[in-house]
Amino acid sequence: MWRRQGPEPEQGYRYIHAVGEPFPEFPALTHVNEAICAPDHVLSPHQHEVMEVCYFVVGRAEWTSGGASVQLGPGDFFISEPGEIHGGRPDPAEPNHNFAIGFDPRQLPLGSARGSLLPAPSRDLVDAIGESTALQ
């Protein structure tokens, strides 16, 4: 497990609390973070090996992915697929506060010697990813 916590003005965070591998017994959850961005924050383009779900609590931001940009605000989600390059910046007049989780569905205990732990899990997961992609 690793952890970052506190203000990081040089990175454009009024406050960041990030934890990697928070539950060793549940490796599907790869990271969790809360970020309160400063008006001049820039989230440089980057990617994760896993899916990332970002939820915007307050404020506004412009997120980019694949050459396209989307305006995000309170209550919005941004889902990055594994390997998807994405980045963003807050609206300087209304900087955003967000939560993000990294999630690796390949690490889910979908089956065992006792049988599947979830009903039709792999098909449901594929359908959910397809539906979330269609909404983008």
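A distance of 4.5 Å separates CZ in F78 from OG in S65, rounded to the nearest 0.5 Å. Taken to the nearest 0.5 Å, the CG atom of D91 stands 12.0 Å off from the SG atom of C37. In this structure, CG in L43 is found 9.5 Å from CG in N96, a value given to the nearest 0.5 Å. Here the CZ-CD distance, from F99 to E34, works out to 3.5 Å after rounding to the nearest 0.5 Å. Between the CZ atom in R106 and the CE atom in M51 there is a gap of 10.5 Å [rounded to 0.5 Å].
Counting non-hydrogen atoms of other residues, nucleotides and ligands closer than 6.0 Å to CD of E49 gives a total of 12 or fewer. For CZ of F23, the number of neighbouring non-hydrogen atoms (other residues, nucleotides, ligands) closer than 6.0 Å is 12 at most. Around CD of E94, the count of heavy atoms belonging to other residues, nucleotides or ligands within 6.0 Å exceeds 12.
Listed here is the closest heavy atom pair of R89 and H41: CB-O, 3.6 Å. Residue V57 comes nearest to P74 through the heavy atom pair O-CB, 3.4 Å, listed as atom of the first residue, atom of the second, then distance. The heavy-atom pair separating L72 from W63 by the smallest distance is CD1-CB, 3.6 Å. For the residue pair P92 and P39, the shortest heavy atom distance occurs at O-CB, 3.6 Å.
By the side chain to side chain donor-acceptor pair (under 3.5 Å) test, R14 pairs with no residue at all, sequence neighbours left out.
Of the possible polar contacts, none joining the T30 side chain to the E21 backbone as a donor-acceptor pair under 3.5 Å is found.
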* Intermediate values then yes/no, side chain to side chain contact (heavy atoms under 4.5 Å, CB included), I85 and T64 -> CA-CA 8 Å; I85 297 172; T64 58; over 6 Å; no
* To do: Apply the test side-chain hydrogen bond (donor to acceptor under 3.5 Å, both in side chains) to residues E52 and H31: give CA-CA distance (whole Å), side-chain angles for both, the deciding distance (0.1 Å), then the verdict.
  => CA-CA 9 Å; E52 185 179 58; H31 64 276; 2.9 Å; yes
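Ring centroids of Y55 and F77 are separated by less than 6.0 Å, placing the two rings close together.
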